Trainee: 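Pasting a structure here, questions to come.
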Amino acid sequence: MKNHLVIYNTLTRTKEKFEPLNEGMVGLYVCGPTVYSDVHLGNCRTFISFDLIYRYLLHSGFKVRYVRNITDAGHLEGDRDEGDDKFEKKAKLEQLEPMEIVQKYTLGFHDVMREFNALPPSIEPTATGHICEQIEMVKQIISNGYAYEVNGTVYFDVEKYNKEFPYGQLTNRQLDDLIANTRELSGQDEKRGRLDFALWIKVKPEQIMRWPSPWGWGFPGWHIECSAMSSKYLGDTFDIHGGGMDLQATHHTNEIAQSQACNHKAPVKYWMHTNMLTVNGVRMSKTAGNGFLPGELFTGDHPLLEKGYSPMGVRFFMMQTHYRSTLDFSNEALQASEKGYARLMASIKTLENLKASARSTSDIKEIEKNCYDAMNDDFNTPILIANLFEASRIINSVNDNKETITGEDIISLKKLMHEFVFDVLGLKTETSNTASDKALQGVMEIILEIRKEIKARKDFAASDKLRDDLSKNNIIIKDTKDGSVWTIQE
RNA sequence: GGUCCUGUGGCCGAGUGGCUAGGCUCAGCUCUGCAAAAGCUGCUACAGCAGUUCGAAUCUGCUCGGGACCUCCA
């Protein structure tokens, strides 16, 4: 059940049987956010997808070291290897120190991840905390002959590298095609080749974020951090490297080149890429300006949003689409999955009080097998969820005395639902045990008892008024055969 | 322009050769004082054209549409 995991590997463009380099252990690296602004929902999708993958690997019994970096230096705007540093620019804008920008948006990112119930990674290294490692790596690449220095900036020599290794491997492209489609070098350009990229960049005089290096004061290029940190914590070759699809062509391609040039080893066995989140068919991105922030999503305070959506509803919405498919955002779709999610969670509650019978009319083992088959097939959460809804249907039918189930199967079902819904999909119920909640519970019991008496007298006008009044305060009463129940409407 | 992906019912979204995806919506029924919930039933789709095959949403070709990357972006 646990040993048939198949993963789609971008490198080979096929689904491959997952066999970790070290039995029972998995090294997982995911490119984290660049913390110069708030994360938008599209960013979140990637991290939520890998949270699911992390969770399922853990559930499958692997010991996982999950490294997700924080990029807090080295990202430039505009033209490649030129332009302003994003952190410095934002710092000027907000009248803060660059590291204040880093701190502010790192904390914001963590808050959002917590809202989405994403597990923290095992290690969350920062680029600025690993300048030495990056410098060492650049030195090694130079001494291996794949990089050159010009006026305090170090460039990676792509054409030379490509003579020995397939540079465009990850996107299935030939170097000639890549060169043909890249802008020409400008007259002042220091680079030898059009595709050459910076490993280390000389600072401008006004720049605050700077570090000493053998090539003078500067800062690392934006690809080298991931290579340096992944090899430091996971080794020169590790199991899974993930990130958004938009990183595939440039960032990840260059990561492979850097690591290969430095260590003479392919850095990653399985490359995994999550697809983009779109809004009305167009990719959500910072530059397109069609994104909204998680906070806006939760409150509904954005022109694109009809209402607020709970973090768990959004997480469930994302889980209903496979991670390699584009996910198109719309209010309608989000509201649809919100309802489905509520129904699924309601059935889990119902499961707690299910009555056992001598025999089962449904095959719980079969559902369990289907759930594992779905997840083992490249983390197919839509199919998993379809099966969970089947389980949910069974629970409700048993509750309605239309089907029966044995005590043993109830236990299996509870285990199944808990493990897949809470542990793997990472959903959670918003239950709390504060004093006021307990008091509310007590009060509601009293109210329901009073209403029961009113109903017994057939004073339906009074009982309906009570129900309506409670409803105005977001407390929903449902009269079932076995008495009344109440829920708080979110 | 180059490289690649994609087009599924009212909406979202799985599925890569034959077997019910699933969710939401809508309609009817059961239950019910009413409402809600829950269950059952129905709406049974694969852009178009041609081909391969006993059989195609699934493979091949063409046509049309949508998107991504090639410049920073998860």
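All figures in this text were calculated on a predicted structure; none of them were measured in a lab. Here is the naming used below: chain letters follow the sequence lines, and residue numbers restart at 1 for every chain. What's counted below: heavy atoms across the whole structure, side chains too, no hydrogens, waters or symmetry copies.
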Trainee: Rounded to the nearest Å, what distance is computed from the CG atom of residue Leu470(A) to the P atom of nucleotide A35(B)?
Mentor: 19 Å

Trainee: Less than 4.0 angstrom from a charged side-chain N to a carboxylate O is my criterion; do Glu366(A) and Lys369(A) meet it?
Mentor: no

Trainee: So that I can tick it off, tell me whether Lys104(A) and Glu94(A) are bridged by a salt bridge, with the cut-off set at under 4.0 angstrom between side-chain N and carboxylate O.
Mentor: yes

Trainee: Heavy atoms from C-beta onward define the side chain here; which of G23(B), A74(B), A14(B) lies closest to that of Phe389(A)?
Mentor: G23(B)

Trainee: Applying a 4.0 Å non-hydrogen cut-off, can you work out what Lys455(A) is touching in the nucleic acid: base, sugar-phosphate, or nothing?
Mentor: base

Trainee: Say you pick atom P in G48(B) and the same atom in G39(B); how far apart are they, in whole Å?
Mentor: 34 Å

Trainee: Is a side-chain N or O of Ser471(A) found less than 3.5 angstrom from the main chain of Ile476(A), in a donor-acceptor match?
Mentor: no

Trainee: In whole Å, what is the span from the CG atom of Leu52(A) to the P atom of A74(B)?
Mentor: 21 Å

Trainee: With the sugar-phosphate defined as primed atoms, P, OP1 and OP2, and the base as all remaining atoms, what B/S/- string results for nucleotides 4-13 of chain B, 5' to 3', for protein heavy atoms under 4.0 Å?
Mentor: -------SSS

Trainee: Check every strand shown and say whether Met276(A) touches a base, only sugar-phosphate, or nothing at a heavy-atom separation below 4.0 Å.
Mentor: base

Trainee: For atom P, what is the distance between C46(B) and A57(B), given to the nearest Å?
Mentor: 9 Å

Trainee: Could you give the CZ-to-P distance, from Arg393(A) to G39(B), as a whole number of Å?
Mentor: 8 Å

Trainee: Determine whether more than 12 heavy atoms belonging to other residues, nucleotides or ligands lie under 6.0 Å from atom NZ of Lys202(A).
Mentor: no

Trainee: Less than 6.0 angstrom from the centroid, inside 45 degrees of the normal: does Arg324(A) satisfy that with respect to the ring of Tyr8(A)?
Mentor: yes

Trainee: Once you apply a heavy-atom cut-off of 4.0 Å, does Asp464(A) come out as touching a base, just sugar-phosphate, or nothing?
Mentor: base

Trainee: Does a nitrogen or oxygen in the side chain of Ser347(A) sit under 4.0 Å from OP1 or OP2 of A38(B)?
Mentor: no

Trainee: When you measure from the side chain of Ala386(A), which nucleotide among A21(B), C72(B), A74(B) comes out closest?
Mentor: A21(B)

Trainee: Could you go through residues 342-352 of chain A and list every donor-acceptor pair under 3.5 Å that involves a side-chain atom there, pairing it with any protein atom two or more places apart or in another chain?
Mentor:
| from | atom 1 | to | atom 2 | distance (Å) |
| --- | --- | --- | --- | --- |
| Ser347(A) | OG | Leu344(A) | O | 2.8 |
| Ser347(A) | OG | Ser392(A) | OG | 3.2 |
| Thr350(A) | OG1 | Ala346(A) | O | 3.0 |

Trainee: Contact class for Leu388(A) vs. all strands (heavy atom < 4.0 Å): base, sugar-phosphate, or nothing?
Mentor: nothing

Trainee: For the side chain of Lys402(A), counting heavy atoms from C-beta on, which of A35(B), G39(B), A74(B) is nearest?
Mentor: G39(B)

Trainee: Which value, in whole Å, describes the distance between the C1' atoms of nucleotides U6(B) and U63(B)?
Mentor: 16 Å

Trainee: What is the nucleic acid contact for Leu344(A), judged by heavy atoms within less than 4.0 Å: base, sugar-phosphate only, or nothing?
Mentor: nothing

Trainee: Take atom P in U44(B) and the same atom in A21(B), then report the distance between them in whole Å.
Mentor: 13 Å

Trainee: Would you kindly give the CD1-to-P distance between Ile394(A) and G22(B), to the nearest whole Å?
Mentor: 13 Å

Trainee: Side chain of Arg343(A), heavy atoms from C-beta onward: which of C24(B), A74(B), C70(B) has the nearest atom to it?
Mentor: C24(B)

Trainee: Of the options A74(B), G33(B), G39(B), whose atoms approach the side-chain atoms of Asp246(A) most closely?
Mentor: A74(B)

Trainee: To the nearest Å, how far apart are Leu384(A) CG and G23(B) P?
Mentor: 14 Å

Trainee: Is it the case that A35(B) (base atoms only) and Arg467(A) (side chain only) share a donor and an acceptor within less than 3.5 Å, ignoring hydrogens and angles?
Mentor: yes

Trainee: Work out which heavy atom in Asn376(A) is nearest to a heavy atom in Tyr56(A); give both atom names and the distance.
Mentor: OD1-OH, 2.8 Å

Trainee: Quantified in whole Å, what is the P atom distance between nucleotide G28(B) and nucleotide A36(B)?
Mentor: 12 Å

Trainee: Ignoring hydrogens and angles, answer whether the base of C34(B) and the side-chain atoms of Asp479(A) contain a donor-acceptor pair closer than 3.5 Å.
Mentor: yes

Trainee: Looking only at the side chain of Asn43(A) (C-beta and beyond, no hydrogens), which of the listed nucleotides G33(B), A74(B), C70(B) gets closest?
Mentor: A74(B)

Trainee: When you measure from the side chain of Lys478(A), which nucleotide among G33(B), A74(B), A37(B) comes out closest?
Mentor: A37(B)

Trainee: Any Lys/Arg nitrogen of Arg55(A) or Asp51(A) sitting under 4.0 Å from an Asp/Glu carboxylate oxygen of the other?
Mentor: yes

Trainee: I want to verify a distance call: between G33(B), A38(B), A74(B), whose nearest atom is closest to the Asp400(A) side chain?
Mentor: A38(B)

Trainee: Just how far, in rounded Å, is P of C70(B) from OH of Tyr167(A)?
Mentor: 11 Å

Trainee: For RNA chain B, just give me the dot-bracket, please: Watson-Crick or G-U, both distances below 3.5 Å, ( ) intra-strand, [ ] crossing earlier pairs, | paired with another strand, . unpaired.
Mentor: (((((((..(((.....[...))).(((((.......)))))....(((((..]....))))))))))))....

Trainee: Cation over ring, Arg68(A) on Phe47(A), under 6.0 Å and within 45°?
Mentor: yes

Trainee: Do Asp469(A) and Lys465(A) sit within salt-bridge range, that is, some charged N less than 4.0 Å from a carboxylate O?
Mentor: yes

Trainee: Looking at Lys365(A) and Asp409(A), is any side-chain nitrogen of the basic one under 4.0 Å from a carboxylate oxygen of the acidic one?
Mentor: no

Trainee: Within this structure, what is the CD1-to-P distance between Ile367(A) and G22(B), rounded to whole angstrom?
Mentor: 12 Å

Trainee: Of the options A14(B), G39(B), G33(B), whose atoms approach the side-chain atoms of Ser397(A) most closely?
Mentor: G39(B)

Trainee: Can you tell me if Asn396(A) touches the phosphate of G39(B), counting only side-chain N or O atoms and a distance under 4.0 Å to OP1 or OP2?
Mentor: yes

Trainee: Say we look at C72(B) and G66(B): how far apart would their P atoms be, to the nearest angstrom?
Mentor: 27 Å

Trainee: Does this structure show an ion pair linking Arg210(A) with Glu88(A), if we count only N-O contacts that are shorter than 4.0 Å?
Mentor: no

Trainee: Test for a donor-acceptor pair under 3.5 Å between the base of G22(B) and the side chain of Asn387(A), counting only N and O atoms.
Mentor: no

Trainee: State whether Lys92(A) and Glu206(A) are salt-bridged, where the test is any N-O pair (Lys NZ or Arg NE/NH1/NH2 against Asp/Glu carboxylate O) under 4.0 Å.
Mentor: no

Trainee: Categorize Thr34(A) for me: base, sugar-phosphate, or nothing, with a 4.0 angstrom heavy-atom threshold over every strand shown.
Mentor: sugar-phosphate

Trainee: Under 4.0 Å between any heavy atoms, over every strand shown, what does Gly243(A) touch: base, sugar-phosphate, or nothing? Just pick one.
Mentor: sugar-phosphate

Trainee: With rounding to the closest Å, how many angstrom separate the C1' atoms on C40(B) and C4(B)?
Mentor: 46 Å

Trainee: Which nucleotide in the list G22(B), A38(B), G33(B) gets nearest to the side chain of Arg451(A)?
Mentor: G33(B)

Trainee: Want to settle it: does Lys339(A) or Tyr323(A) sit nearer the 5' end of RNA chain B, counting the closest nucleotide to each?
Mentor: Tyr323(A)

Trainee: Could you check how far NE2 of His223(A) sits from C1' of U71(B), rounded to whole Å?
Mentor: 11 Å

Trainee: Suppose you measure atom C1' in U52(B) against the same atom in C59(B); what distance do you get, rounded to whole Å?
Mentor: 8 Å

